[in-house]
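Data first, discussion second: the structure below is written as structure tokens.
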Protein chains: 2
Amino acid sequence: MNAAGRFARYLSTNRLKMTRTRRAILEEILAIRGHFTADDLLAHFRRRGRDVAPATLYRTLARLVEAGLVHRIDMAKGQARYEPMFGRHHHDHMICVSCGKIIEFENRTIERIQADVCRRKRFTLVEHTHQLRGHCAQCSQNGTPAARPRGAS
Amino acid sequence: MNAAGRFARYLSTNRLKMTRTRRAILEEILAIRGHFTADDLLAHFRRRGRDVAPATLYRTLARLVEAGLVHRIDMAKGQARYEPMFGRHHHDHMICVSCGKIIEFENRTIERIQADVCRRKRFTLVEHTHQLRGHCAQCSQNGTPAARPRGAS
DNA sequence: GCCACAATTGAGAATGATTATCAATTTTGC
DNA sequence: GCAAAATTGATAATCATTCTCAATTGTGGC
Ligand SMILES: [Mn+2]
Ligand SMILES: [Mn+2]
Ligand SMILES: [Zn+2]
Ligand SMILES: [Zn+2]
């Protein structure tokens with residue numbers, strides 16, 4: 001089933017309503033590729049004349065995360081990033097601390113060992129984050145960041 | 001060299017001063033074992049009649065982290081946790097989402113693969129966080145959390 | 001030990017991302 | 001179409017942490 005259908009199913013299962021605002025937000029996310037912040041989305045809407053209140057966007061993002069359609073990436077500081085997870089599988093992130101770029105990686109061996117570690121400690125894993133922070137190829141080469149990270153001076 | 005000595009060296013190297021407040025904070029941290037929040041420390045001080053301003057504590061913790069004597073653990077929500085790193089090596093954390101308990105783990109294989117991943121992507125690793133969130137042995141068994149997580153209702 | 005001067009402290013204000021409130025509006029099942 | 005329940009948006013609130021700035025303290029050189 002497609003993203004809109006999955007969201008509709010999630011909503012009705014939870015006695016929630018499919019509103020035009022929620023539809024618009026989901027469509028906007030479908031159009032964006034990669035990682036984005038709540039403000040990125042708000043800016044997109046403003047540019048298109050359709051204004052969405054921050055509170056509403058945050059609420060809808062939370063619903064989409066609950067529905068498993070969007071993934072939220074908590075950063076050590078600054079705004080969280082979100083990314084669509086329609087038909088994608090889990091992966092982790094390398095974050096360039098000079099330009100802000102996010103590089104994805106996935107490693108089955110790490111995931112397996114992680115599960116082993118939990119088993120040994122009798123820990124029931126619900127979710128995990130594995131973030132590598134450092135300098136991307138361009139930034140370590142140039143010395144000059146390719147672009148400013150969000151929120152940099 | 002011991003912790004106090006290392007901090008003194010770090011401070012003088014950076015034209016900073018070893019004050020009585022900084023000494024008191026370092027001693028307090030030496031006395032605590034395990035993970036703690038800024039508020040935990042402030043409470044300790046208040047109980048002992050020695051009052052330290054939050055701003056000062058946060059500033060000193062930042063210095064201790066820079067000096068490599070303390071490690072800061074950013075949580076998805078709520079206050080950051082800190083832990084002394086005097087003569088300890090790197091490890092990662094399992095965090096119980098029902099009682100707040102933090103269990104440490106370290107795995108050389110994961111660390112090695114992680115380094116490989118970075119090499120392949122030409123990514124210069126500076127630091128990383130690997131957090132596993134779920135339910136600890138007690139909480140998954142009891143159904144009832146052993147204790148409330150900080151900030152829970 | 002004293003001085004000059006830079007660093008530190010603490011009180012309080014500010015920050016900033018996100019969440020809570022609540023009256024007005026929209027959905028939806030019937 | 002109606003009523004009940006959910007949603008929206010404007011706005012205030014939260015809350016951990018950082019900033020500001022005047023008063024205080026530590027330090028290196030004499
Ligand atoms: Mn991603
Ligand atoms: Mn630890
Ligand atoms: Zn970069
Ligand atoms: Zn637990």
Side-chain angles (χ1 to χ4, degrees), chain A residues 4 7-26 28 35-43 45-46 49-67 70 72-82 100 149-153, chain B residues 4 7-26 28 35-43 45-46 49-67 70 72-82 100 149-153:
Chain A
F7 194 34
R9 184 154 51 78
Y10 167 83
L11 290 175
S12 72
T13 302
N14 293 280
R15 285 187 230 74
L16 304 176
K17 294 168 178 175
M18 173 58 91
T19 65
R20 72 188 50 186
T21 306
R22 286 182 176 154
R23 237 188 303 269
I25 291 171
L26 180 55
E28 198 63 37
H35 307 85
F36 59 90
T37 64
D39 270 350
D40 289 341
L41 264 192
L42 290 172
F45 279 115
R46 242 174 280 122
R50 177 85 160 81
D51 216 357
V52 173
T56 303
L57 177 58
Y58 277 109
R59 282 184 291 232
T60 302
L61 284 169
R63 294 284 134 79
L64 286 165
V65 169
E66 286 158 23
V70 166
R72 177 190 166 117
I73 305 166
D74 286 302
M75 309 297 276
K77 58 169 42 185
Q79 301 170 233
R81 305 296 138 100
Y82 297 84
R150 293 175 206 288
S153 58
Chain B
F7 194 35
R9 185 154 51 78
Y10 167 83
L11 290 174
S12 73
T13 302
N14 293 278
R15 285 186 230 75
L16 303 176
K17 293 169 179 175
M18 174 58 91
T19 66
R20 71 188 52 184
T21 306
R22 285 181 177 156
R23 237 187 304 268
I25 290 170
L26 180 55
E28 198 65 37
H35 307 86
F36 58 90
T37 64
D39 270 350
D40 289 341
L41 264 191
L42 291 172
F45 279 116
R46 244 174 279 121
R50 177 83 160 84
D51 216 357
V52 173
T56 303
L57 177 58
Y58 277 110
R59 282 184 291 231
T60 302
L61 283 169
R63 294 284 135 77
L64 286 165
V65 169
E66 286 159 22
V70 166
R72 176 190 167 116
I73 305 166
D74 286 302
M75 309 297 276
K77 58 170 41 185
Q79 300 171 233
R81 307 294 139 100
Y82 297 85
R150 293 173 206 288
S153 58

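Letters A, B, ... are given to chains in the order of the sequence lines, protein chains preceding strands, and every chain is numbered from 1.
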Task: Euclidean distance, atom CZ of residue R81(B) to atom C1' of dA16(D) [Å, nearest integer] - done: 12 Å
TODO: Nearest whole angstrom, please: distance from the C1' of dT18(C) to the NZ of K77(B).
DONE: 9 Å
Open item on the list: What is the separation between atom CZ on R15(A) and atom P on dT7(D), rounded to the nearest whole Å?
Closed with: 11 Å
- [ ] Find the distance between CG (D74(B)) and OH (Y82(B)) and round it off to the nearest 0.5 Å.
- [x] 8.0 Å
TODO: To the nearest 0.5 angstrom, please state how far the CG atom of L42(A) sits from the CG atom of L57(A).
DONE: 5.0 Å
Open item on the list: Could you work out how much the helix from dG1(C)-dC30(D) to dC30(C)-dG1(D) bends, comparing the axis of its first five pairs with that of its last five, to 10°?
Closed with: 50°
- [ ] For R22(A) and K17(A), indicate whether the former's side chain and the latter's backbone hold a donor-acceptor pair under 3.5 Å.
- [x] yes
- [ ] Starting at atom CZ of R50(B), determine the distance to atom C1' of dT9(C), rounded to an integer number of angstrom.
- [x] 10 Å
Open item on the list: Within the 4.5 Å heavy-atom criterion, are R50(A) and E28(A) side-chain neighbours or not?
Closed with: no
- [ ] Starting from the 5' end of DNA chain D, give me the residue, S12(B) or R72(B), whose nearest nucleotide shows up first.
- [x] R72(B)
Taking only N/O atoms, report every protein-nucleotides 19-24 of chain D pair under 3.5 Å with atom names and distance.
from: dT20(D); atom 1: O4; to: R59(B); atom 2: NH1; distance (Å): 3.4

- [ ] Round to a whole Å and report the spacing from CG of L42(B) to C1' of dT17(D).
- [x] 12 Å
Open item on the list: Output the rounded distance in Å from CZ (R63(A)) to C1' (dT7(D)).
Closed with: 10 Å
Task: From CE (M18(A)) to CZ (R23(A)), nearest 0.5 Å - done: 5.5 Å
TODO: Identify, residue by residue, the members of residues 17-24 of chain A with a heavy atom below 4.0 Å from DNA chain C, and return them in order of residue number, or none.
DONE: K17(A), M18(A), R20(A)
Task: Side-chain touch Y10(B)/L16(B), heavy atoms, less than 4.5 angstrom - done: yes
Open item on the list: Classify D51(B) by what it touches in the nucleic acid, base, sugar-phosphate, or nothing, heavy-atom distance under 4.0 Å.
Closed with: sugar-phosphate
Open item on the list: Heavy-atom nearest nucleotide on DNA chain C for Y82(A) versus L57(B): which residue maps closer to 5'?
Closed with: L57(B)
Open item on the list: A side-chain contact here means heavy atoms from C-beta on lying under 4.5 Å apart; do T13(A) and R9(A) qualify?
Closed with: yes
Task: Interatomic distance where OH belongs to Y58(A) and P belongs to dT7(D) [whole Å] - done: 20 Å
TODO: With rounding to the nearest 0.5 Å, note down the distance linking CG in L11(B) to CZ in R63(B).
DONE: 8.5 Å
- [ ] Output the distance between atom CG (L61(B)) and atom CG (L26(B)), rounded to the nearest 0.5 Å.
- [x] 10.5 Å
Open item on the list: Taking any heavy-atom pair under 4.0 Å as a contact, classify A80(A): base, sugar-phosphate, or nothing.
Closed with: sugar-phosphate
Open item on the list: To the closest 0.5 Å, what do you measure between OG1 (T37(A)) and CD1 (I73(A))?
Closed with: 11.5 Å
Open item on the list: So does A80(A) get a backbone contact from the side chain of R72(A), meaning a donor-acceptor N/O pair under 3.5 Å?
Closed with: no
- [ ] May I have the distance from L16(B) (atom CG) to dC5(C) (atom C1'), rounded to whole angstrom?
- [x] 15 Å
Open item on the list: As a test of reading the structure: which of dT18(C), dG9(D), dG10(C) is closest to the side chain of A53(B), going by heavy atoms?
Closed with: dG10(C)
Task: Beyond-backbone contact of V52(B) with I25(B), side-chain heavy atoms, under 4.5 angstrom - done: yes
